[in-house]
Amino acid sequence: MILDEHLFRREAGRLTSALTRVFGVHNLALAEDVVQDAFCRALETWPIRGVPDNPSAWLMTTARNRALDIVRRQHTANTFAPELGRMLDSEWTLASVVDEILAADAVPDSMLRLMFSCCHPRLSEAAQVALILNILCGFSVQEIAGAFASSHAAIEKRIVRGKKVLAESKRLFDTVAPADFSDRLPAVQRALYLLFNEGYHGASPIASVRAELCNEAMRLTAVLLQHPLGGTPATYALAALMALTAARLPARTDAASGNLVALLDQDRTKWDRTRLSEGLRLLELSASGVELTEYHIEAAMASVHALAPRAEDTDWDAIISLYDSLIAIKPSPIVALNRAIAIAQRDGPDRGLAAIAAISNRERLASYPFYFAALGELELRHGNRERARGHFQTSLERARNATERRFFKQRLAASDRSSTHPPDAAFWDAGFESSPMSEGDEDQ
Amino acid sequence: MSEFLFLFRGSERLMRSPEEMQISMQKWVAWFKELNEKGIVKDPGNPLDASGRVVRGRVKDIHDGPYAEAKDLVNGYVLIEAPTIDQAIELSKGCPILEDDGSVEVRPIKKFG
């Protein structure tokens, strides 16, 4: 019996979600203990008795028995899920209600309840993402800190505080009420988007870690898509964006050096065709409503890249007009910067530099390393080696993690080479957002 | 053929992430599989709970566990068959507990006869 890689991690999220519905969100820690206990039992039993035919079901049954035990022993002293009323009080109803909640087909809804609960308005986006990774994806504090290239203490603080807010919310988010669902949905989509971005653009120097973050984001987005209220055009667009972007993961990292490879330099034969066609299919499904979200536009951009057999075949007119739409619904100097780069790509470095000079609120880019990297690239292409050097030097000083530092060093070295290496538009895959994980906590 | 008892000592109950627990579990499964395929397992044993009591001396004093530091706590055993203690020791070297800084005590079973 070969186990799925990351089985325990995935099951941790499923089990914790299901158990939290029984115990109540204020008893999240108890649910986590029961999950840990089920894994310990597996660790003790499976080597001797063999791995069961259905490991997920085995873990769920073990957790179920323990949960019943706890409710029977403690229900006088402890209040469990208020949503269940008195269903846990009587032997007549206890087992059947617990079994109903822990049934395999009920788990996705429990995961959504917890996911929506994690996206509490009192928590910063960074905290929401960390909380989702910890509770729903089974990542430990240590593992999250590693993936975000962040300190253990910072992540731990974020998670401890997040769990406190969760516990104080008393009830799990109710996924049945349409109005509440629609109110919270954008925050959930955003958290999944950030989780994905952290994988694709993220700080971790390990390619497999970043791919895992992308996979987790896609897995949770798929759960959201299945919910009758969750499968909105925006969620389809988000799923499309993820699939189209994740298709590039095999070409994202240079196998020899471990360095990130920018979009226009990637070996497109390595792109995952299955994911590309899945992404295009999802993008079509996203076009059903009147709503046009940033996810639609970003997914459309990703599809333009996906459809270009070579970097030089890219339809820059389409990309630039998509940037115009994006700026219209979400004005941001970072988006404007990316638009300027697309213009440089189509019309040459002069026009690109002019477009950068025309960005309103340009001063807000002063701490953004890719701003200087973009200036450096365009000056380099222009032949202004000295100026390019200065900009790359600044981008290196502003770098937020080791992966970025390595990338800018590489660009700095390129500006020293005499060869006219085709300009990389290296920042292309820099993403529209600076990583939220490297910002301070701005929880209220 | 002689029989040997492997006593596993060391903390298996550290708070670990699901990923780490799965990796550890898979190592144990692989090691047991290897022993089983060699046909030398006389008794696969059972894990021991960390709780328990110690009953000591004439007065039958009862002490609560833990009665040893975590690293010295026996938490499981296996009975195996091997021609010599050296060969039994070789077999024990594959035990995953060693990677967690635990230990395997290899004890020959005394036979009367």
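Everything quoted here is computed from the prediction, not taken from an experiment. Each chain gets a letter, A, B and so on, in the order the sequences are listed, and its residues count up from 1.
Against chain B, the residues from residues 131-143 of chain A that qualify, each with a non-hydrogen atom under 4.5 angstrom away, are Gly138(A), Ser140(A), Glu143(A) in number order. For residues 208-218 of chain A, an interface with chain B (any heavy-atom pair closer than 4.5 Å) does not exist.
Once rounded to the nearest 0.5 Å, the distance linking CZ of Phe39(A) with OG of Ser17(B) reads 9.5 Å. Note that CD of Glu44(A) is 9.0 Å distant from CG of Leu48(B), once rounded to the nearest 0.5 Å. If you take CG on Asp4(A) and CD on Gln22(B), they are separated by 8.0 Å, rounding to the nearest 0.5 Å.
Top candidate by heavy-atom pairs under 4.5 Å with chain A, chosen from Pro18(B), Pro44(B), Ala30(B), Gly76(B), is Pro18(B).
For the pair Gln26(B)/Val51(A), no side-chain contact is recorded, criterion being any heavy-atom separation below 4.5 Å from C-beta on. Taking 4.5 Å as the limit, every side-chain heavy atom of Ile23(B) sits out of range of all side-chain heavy atoms of Glu5(A). Ile48(A) has its side chain within reach of Pro47(B): a pair of non-hydrogen atoms, C-beta onward, lies under 4.5 Å apart. Annotation: side chain of Met25(B) is in contact with side chain of Phe8(A) (closest heavy-atom distance under 4.5 Å).
Side-chain atoms of Glu19(B) and His6(A) include a donor-acceptor pair closer than 3.5 Å.
Proximity to chain B is limited to the side chain of Arg49(A), based on heavy atoms less than 4.5 angstrom apart. If you measure heavy-atom distances from Asn36(B) to chain A, you find no contacts under 4.5 Å at all.
Sorted pairs that involve residues 18-27 of chain A and meet side-chain hydrogen bond (donor to acceptor under 3.5 Å, both in side chains), not counting sequence neighbours, are lacking altogether.
Across Pro47(A) and Trp28(B), no two heavy atoms sit closer than the pair CG-CB, 3.4 Å.
Partners of Phe6(B) by ring pair (Phe, Tyr, Trp, His ring centres under 6.0 Å), not counting sequence neighbours: none found.
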